[in-house]
Enquirer: 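I have a structure I would like to understand better, so I am pasting it below and will then ask my questions one at a time.
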Amino acid sequence: MITLKNRLANRHRRIMFERYLAKKRLSGEKIFYPLYSKEEIEKEPSRAFANVIPFLIKKHAPTVIVCPGGAYEFLSFNREGGDYAKAFNKVGYNVFMLNYRVAANAHYPNPMEDLARAICFIKAHAAAFCVNADKLVICGSSAGGHLCAYFAARYNEFETVYHNKQYSLRPSAVILSYPVISMTEETHEITRLRLLGLHPTPEDEKDKSVELIADEKYPPTFFWHCEGDKTVPISNSIRLDERLTKMGVKHVFMRYPRGGHGIGLARNTTADGWFEKAIEFLNEVL
């Protein structure tokens, strides 16, 4: 339920995030790092929308790429972007928030190409940013969760496109919040529409359903979901849990009784504490 208290809290987070970006801009610090060259953008203008925003503690610490949700329609910058970035910073992680292509530009494989390019960019500039790109985590919520979950299953297909496999695109670990996993059943219709179009073939739907394609090489994964999620049914995460168990992939699935969808760090809900458990998982697998 969206209450007045929630709206005020969201407004406060948005204002604080905007102030954070303004402070960086006034200090002369670069905020947005484009992921494509001018020549690449000329060939495909939608690439101009793809960039990363760094939230850095440096110290050669591990790195997280945060992919906000938004049904491949928009990006939830505050609750599933800036909030996550600052939380990861506090516990010793560098963060790059990914602005991937959405809305009319979200058709496959654009968002996945943006994530692949972000990984390449971070690895190519790791020394300049003073980050550890060998310990690189991808973290996504809702549709951003689908982006990360799918990419973790098919990263090898993108390695042949970028830098002739100069960089491994396999994430060290994956963190997912109430993710869209399936494109075949109990999916999120807008997410599927934006990624696959109006009339996807059954083959396309199956190919983009992570519970059908994840294999034994899938990276260690932590994910969580609330019972009764009316936007993205928890069955998505249940099927992912079953698939990863079958494949023998190290993972943790946290189920919470209530909380709804799009709740980010989930403070003051039954899911409060998931972030701390995710950090414990990362400390174990990285």
Side-chain angles (χ1 to χ4, degrees), residues 34-36 40-52 65-76 80-81 97-121 138-163 165 167 169-171 174 176-215 217-219 221 223 231-233 236-237 239-240 243:
L35 297 177
Y36 297 94
E40 289 171 322
I41 292 172
E42 286 177 0
K43 292 179 181 178
E44 175 50 67
S46 70
R47 290 171 173 163
F49 294 100
N51 56 68
V52 289
I65 299 177
V66 171
C67 301
Y72 287 129
E73 176 72 21
F74 63 95
L75 294 176
S76 180
E80 298 168 355
M97 190 168 75
L98 176 62
N99 292 339
Y100 57 91
R101 282 172 282 180
V102 294
N105 299 313
H107 52 281
Y108 179 85
N110 287 358
M112 290 71 186
E113 288 185 347
D114 296 344
L115 179 52
R117 180 56 66 94
I119 294 174
C120 289
F121 174 82
I138 57 176
C139 171
S141 305
S142 195
H146 179 267
L147 169 57
C148 292
Y150 177 84
F151 188 87
R154 290 290 172 79
Y155 63 89
N156 58 325
E157 294 184 5
F158 295 91
E159 285 181 340
T160 60
V161 177
Y162 296 106
H163 297 283
K165 289 193 175 182
Y167 303 109
L169 299 185
R170 184 179 187 271
V174 183
L176 307 172
S177 299
Y178 37 83
V180 178
I181 294 298
S182 181
M183 291 287 155
T184 60
E185 55 180 316
E186 294 188 301
T187 185
H188 184 252
E189 295 298 337
I190 297 176
T191 297
R192 180 169 61 184
L193 172 65
R194 281 305 189 186
L195 186 69
L196 300 181
L198 278 171
H199 304 292
T201 66
E203 291 73 22
D204 279 341
E205 293 178 343
K206 291 177 181 178
D207 182 68
K208 306 307 181 296
S209 296
V210 185
E211 81 277 16
L212 301 178
I213 62 174
D215 62 18
K217 296 180 182 179
Y218 203 83
T221 301
F223 54 110
T231 303
V232 177
N236 281 258
S237 287
R239 288 196 292 274
L240 178 62
R243 178 72 176 192

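FYI, the numbering just counts along the sequence from 1.
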Enquirer: For V180, does its backbone N or O pair with a side-chain atom of N236 as donor and acceptor, under 3.5 Å?
Expert: no

Enquirer: Checking side-chain contact (heavy atoms from CB on, under 4.5 Å) against L115, which of L35, L169, I65 comes through?
Expert: I65

Enquirer: Counting N and O atoms only, with roles assigned by atom type, does the side chain of Y167 sit under 3.5 Å from a partner on the main chain of F121, one being a donor and the other an acceptor?
Expert: no

Enquirer: So how far is it from S46 OG to E113 CD, rounded to the nearest 0.5 Å?
Expert: 9.0 Å

Enquirer: Can you check whether T187's main-chain N or O pairs, donor with acceptor, with R192's side chain at less than 3.5 Å?
Expert: no

Enquirer: Is the backbone of P68 close enough, under 3.5 Å, to the side chain of S141 for a donor and an acceptor to pair up by distance?
Expert: no

Enquirer: Which heavy atom of L212 sits nearest a heavy atom of T184, and at what distance?
Expert: CD1-CG2, 4.5 Å

Enquirer: Quick check: does any side chain N or O of Y218 sit under 3.5 Å from a backbone N or O of A149, one acting as donor and the other as acceptor?
Expert: yes

Enquirer: Is there a side-chain contact between L198 and L193, using heavy atoms and a 4.5 Å cut-off?
Expert: yes

Enquirer: Kindly say whether Y36 contributes a backbone atom to a donor-acceptor pair with the side chain of R47 at under 3.5 angstrom?
Expert: no

Enquirer: With a sphere of 6.0 Å drawn around CD1 of I190, does it hold more than 12 non-hydrogen atoms of other residues, nucleotides or ligands?
Expert: no

Enquirer: Within the supplied structure, the quantity of interest is the number of heavy atoms (other residues, nucleotides, ligands) at a distance under 6.0 Å from F49 CZ; does it exceed 12?
Expert: no

Enquirer: Would you say the side chain of S142 lies within less than 4.5 Å of the side chain of H188, judging by non-hydrogen atoms?
Expert: no

Enquirer: Is there side-chain contact between K208 and L196, with heavy atoms separated by less than 4.5 Å?
Expert: yes

Enquirer: Is there a donor-acceptor contact under 3.5 Å from the side chain of E80 to the main chain of G69?
Expert: yes

Enquirer: Could you check if a side-chain atom of C148 sits within less than 4.5 angstrom of a side-chain atom of L176, using non-hydrogen atoms only?
Expert: yes

Enquirer: Determine whether I119 and Y155 satisfy the following criterion, side-chain contact (heavy atoms from CB on, under 4.5 Å), listing intermediate values before the conclusion.
Expert: CA-CA 11 Å; I119 294 174; Y155 63 89; over 6 Å; no

Enquirer: Counting only N and O atoms by type, is there a donor-acceptor contact under 3.5 Å from the side chain of R170 to the main-chain atoms of N156?
Expert: no

Enquirer: Less than 4.5 Å apart, side chain to side chain, heavy atoms only: is that true for E40 and R117?
Expert: yes

Enquirer: Give a yes or no on whether the backbone of M183 and the side-chain of H146 come within a donor-acceptor separation of less than 3.5 Å.
Expert: no

Enquirer: For residues R243 and V210, determine if any side-chain heavy atom of one lies less than 4.5 Å from a side-chain heavy atom of the other.
Expert: no

Enquirer: Return the minimal non-hydrogen interatomic distance between V52 and A118, and the atom names on each side.
Expert: CG1-CB, 4.0 Å

Enquirer: For the pair T221 (side chain) and P219 (backbone), establish whether a donor and an acceptor sit closer than 3.5 Å, ignoring hydrogens and angles.
Expert: yes

Enquirer: Looking at S237 and F223, what are the two nearest heavy atoms and their distance?
Expert: O-CE1, 3.3 Å

Enquirer: Give the minimum heavy-atom separation between Y100 and C67, together with the two atoms involved.
Expert: CE2-CB, 4.0 Å

Enquirer: Heavy atoms, side chains only, cut-off 4.5 Å: are L195 and M112 in contact?
Expert: yes

Enquirer: The test is side-chain contact (heavy atoms from CB on, under 4.5 Å); show your working for I213 and R154 and say whether it passes.
Expert: CA-CA 8 Å; I213 62 174; R154 290 290 172 79; 3.3 Å; yes

Enquirer: Ignoring hydrogens, what is the shortest heavy-atom contact between S182 and E185? Give both atom names and the distance.
Expert: OG-N, 3.2 Å

Enquirer: Distance from R101 atom CZ to N51 atom CG, nearest 0.5 Å?
Expert: 11.5 Å

